[in-house]
Amino acid sequence: MKARHRLKDNRDFRRVFQRGKSVATGRLVLYWHENRLTTFRAGFSISKKIGKAVVRNRLKRLLRACFLELGPKLENTPVDFVVVCRQGSADASYHELLSDLRKLLRRAKFMV
RNA sequence: AAAGUAAGUCGGGCAACCGCCGGUGCGGCGUGGGGACGCUGCACGGGAGGAAAGUCCGAGCUCCACAGGGCAGGGUGCCGGAUAACGUCCGGCGGGAGCGAUCCUAGGGAAAGUGCCACAGAAAUGCAGACCGCCGAUGGCGGCCGGCAUCCGCCGGCCGCACAGGCAAGGGUGCAACGGUGCGGUAAGAGCGCACCAGCAGCCUGGAGACAGGCUGGCUAGGUAAACCCCACCCGGAGCAAGACCAGGUAGGAGUGCAUAUGUGGUGGCCCGCCACGCACUCGGGUAGGUCGCUUGAGCCGGCUGGCAACAGUCGGCCUAGAUAGAUGGUUGCCACUCCAUAUCGUGCGAGGCCGUGGUUCCGCUUGUUGGAACAGGCCGUUUGCAGCACGCGGAGGACAGAACUCGGCUUACAGACUUGCUUUCUCU
RNA sequence: UGGGGAGUAGCCAAGCGGUAAGGCAACGGACUUUGACUCCGUCAUGCGUAGGUUCGAGUCCUACCUCCCCAG
């Protein structure tokens, strides 16, 4: 995941949470809101309640790998995404997270 | 061989593809007079731990007076050493556990003072106290006998009472009752006397010291300081969001109050001292970007020397992560490791393998619906050898855990693998 | 990074080093035709965990676990 696809600023996070829309599965919640750029950005929010630092870092890496896989299809959608991990996602594998994320993006009409 | 004990090492490996971070080199585009800066591409080599964790101690570093005086507060607490320092480490002493190797140990002071010691008990610290009990020597009362005396009475002996009184041995209470055991002693007793033991004080010897050993003395002093306290030693405060620089900016404005030092701030609980100076509140306005600090350090590895050791010295070699919504990853394959299945098949080894309190003997302890060893016994197999073992073919598993200024420790978590020393028991030669 | 606090029955909680108060809930009983109200009784195997000091620990000390709050 390149640096231009990362959502970093706290203001952007707040805007996505407050003005954006959301869909969810048992493991993940996806928030999104349109931005003024030419491509997408993605950020992750993983609470301390999910697990220790090792668990949280692993989830972020897995989610970044998922966006690396899905990136080419979203290159021309100017939207900010925020993925929130729910409590059951601590032991999820890469393939489980990838299929969940596909499902959410399809429900939000960004993918077919 | 089994059981145990101490110290230490490791914490899966290789490959392919797709990615991330920072470094070096070579390019492309844009801005700019240029040094440069921003975006971007390729190549090369680097990229988590033994605990990176908890943040419990100690330091470096930075700023506040290069950290000053006093009070308050906190910490440490047998002795000696190591160290930059420590509450850490090493060696020893005392005490405790274990057959032993070895392990554990906040271990100064209770004859400086104060507090507390519930319930029970007579009494809980005043060299106190007398419930049951022991005694009745001494004094008292009563009785009997004897002597003296004319009488009042006096003297002596014996017996009784338990009134005065003596006692703390025995019982009982309690975690603890003012040393313990024995002999003597006594009316009964008591360190009252003596012997030994424990404890205390003084002296001598050994040791660097904690302490150990011995002699002498007077006979006795409860526990608690992780209760206050006393003694000795140590500690100034904050923390990399420290701090420095760049851009921007606290500008400028309006109102109110206090004030020229007994004020406000730096400064932390307080006072002194030092330094700087108008300050506080309200309205209105504005910000939370970048660079450095940032990894060469009490550094790591190996050899030698000194030391019992912690460690120190010296020589040679090495450079080994620096992110900032926070890099060190994802997918797949193969190989090792552990466990489970091995029905069927292949290769090799191969004469034994498995069960065994539902019997006998012995051993151990948690002493009982208990565990282990040997034997009896049972099942399978043994010339054409698939009973069993190893490999191949199948499946599952791989812990604890993620650097955030850097070190030295401590504590806690941890699948599994390996090495070495030592102890006890058994067997064989 | 620094600082502060809490953990006691299912819930809310009090508790000088000396028998773990009290309320709600639950359960049993009485009252009632039945229920509610009321009354009586029962309920901690040890006070987050593990060690230690003490004759004795919820309380004191040490280490650890979990949760909450505050400042920048």
Side-chain angles (χ1 to χ4, degrees):
Chain A
M1 239 178 98
K2 304 272 185 217
R4 67 193 152 92
H5 289 137
R6 288 189 196 154
L7 194 65
K8 296 183 178 181
D9 205 326
N10 191 29
R11 263 183 276 183
D12 296 333
F13 274 84
R14 277 215 304 273
R15 191 177 56 235
V16 173
F17 279 130
Q18 286 173 4
R19 302 207 203 127
K21 300 174 179 174
S22 66
V23 288
T25 65
R27 270 189 281 266
L28 300 177
V29 184
L30 178 73
Y31 289 82
W32 76 91
H33 187 261
E34 289 76 16
N35 63 23
R36 296 179 183 174
L37 306 172
T38 59
T39 185
F40 74 97
R41 289 189 300 180
F44 312 105
S45 173
I46 302 168
S47 158
K48 244 183 177 175
K49 288 181 185 167
I50 304 299
K52 293 171 177 281
V54 176
V55 175
R56 299 199 303 272
N57 282 339
R58 195 182 67 89
L59 283 171
K60 276 191 270 186
R61 285 176 190 140
L62 290 174
L63 287 170
R64 274 202 298 271
C66 289
F67 272 93
L68 186 73
E69 172 86 21
L70 301 169
K73 301 177 181 174
L74 297 167
E75 197 61 50
N76 294 317
T77 50
V79 171
D80 288 341
F81 296 105
V82 174
V83 180
V84 176
C85 286
R86 290 179 142 175
Q87 218 133 15
S89 56
D91 299 323
S93 71
Y94 169 73
H95 294 289
E96 288 169 335
L97 289 177
L98 187 62
S99 75
D100 272 26
L101 202 57
R102 275 217 176 89
K103 211 182 295 173
L104 290 173
L105 287 169
R106 219 172 282 137
R107 263 199 264 165
K109 315 279 193 216
F110 292 113
M111 285 176 59
V112 185

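Just so we're on the same page: letters track the sequence lines, and every chain starts at 1.
- The line from CG of A:Leu30 to OG1 of A:Thr25 is 9.5 Å long, rounded to the nearest 0.5 Å.
- Contact annotation: A:Arg6 side-chain N/O to B:rG326 OP1/OP2 distance is under 4.0 Å.
- The distance from atom CZ of A:Arg27 to atom CG of A:Leu104, rounded to the nearest 0.5 Å, is 10.5 Å.
- Pair check for B:rA259 finds none; no Watson-Crick or G-U wobble contact set falls under 3.5 Å.
- Distances shorter than 4.0 Å separate some side-chain N or O of A:Arg61 from OP1 or OP2 on B:rU328.
- For the pairing with A:Phe81, the ring-ring contact (aromatic ring centres under 6.0 Å, His included) check across A:Trp32, A:Tyr31, A:Phe110 returns one residue only, A:Phe110.
- Relative to the side chain of A:Lys60, the nucleotides B:rA401, B:rG326, B:rG330 differ in distance, and B:rG326 lies closest.
- Nucleotides B:rU328 and B:rG322, compared at atom C1', are 11 Å apart to the nearest Å.
- Nucleotide C:rU1 forms a pair with C:rA71, judged by Watson-Crick or G-U wobble geometry with both contacts under 3.5 Å.
- Comparing the C1' positions of B:rA341 and B:rA15 gives an interatomic distance of 31 Å, to the nearest angstrom.
- Classification of C:rG46 as syn follows from a glycosidic angle within 90° of 0.
- The side chain of A:His5 places no N or O atom within less than 4.0 Å of a non-bridging phosphate oxygen (OP1 or OP2) of B:rG19.
- Both geometric conditions, a ring-centre gap below 5.5 Å and a plane tilt below 30°, are not fulfilled together for A:Tyr94 over the base of B:rG330.
- For B:rU342, the base is anti relative to its sugar; the glycosidic angle deviates from 0 by more than 90°.
- The partner of B:rC14 is B:rG333, judged by Watson-Crick or G-U wobble contacts that both fall below 3.5 Å.
- The listed nucleotides are B:rG402, B:rG326, B:rU332; the one nearest the side chain of A:Asn57 is B:rG402.
- Note that the CZ atom of A:Phe67 and the CG atom of A:Leu74 stand 7.0 Å from one another [nearest 0.5 Å].
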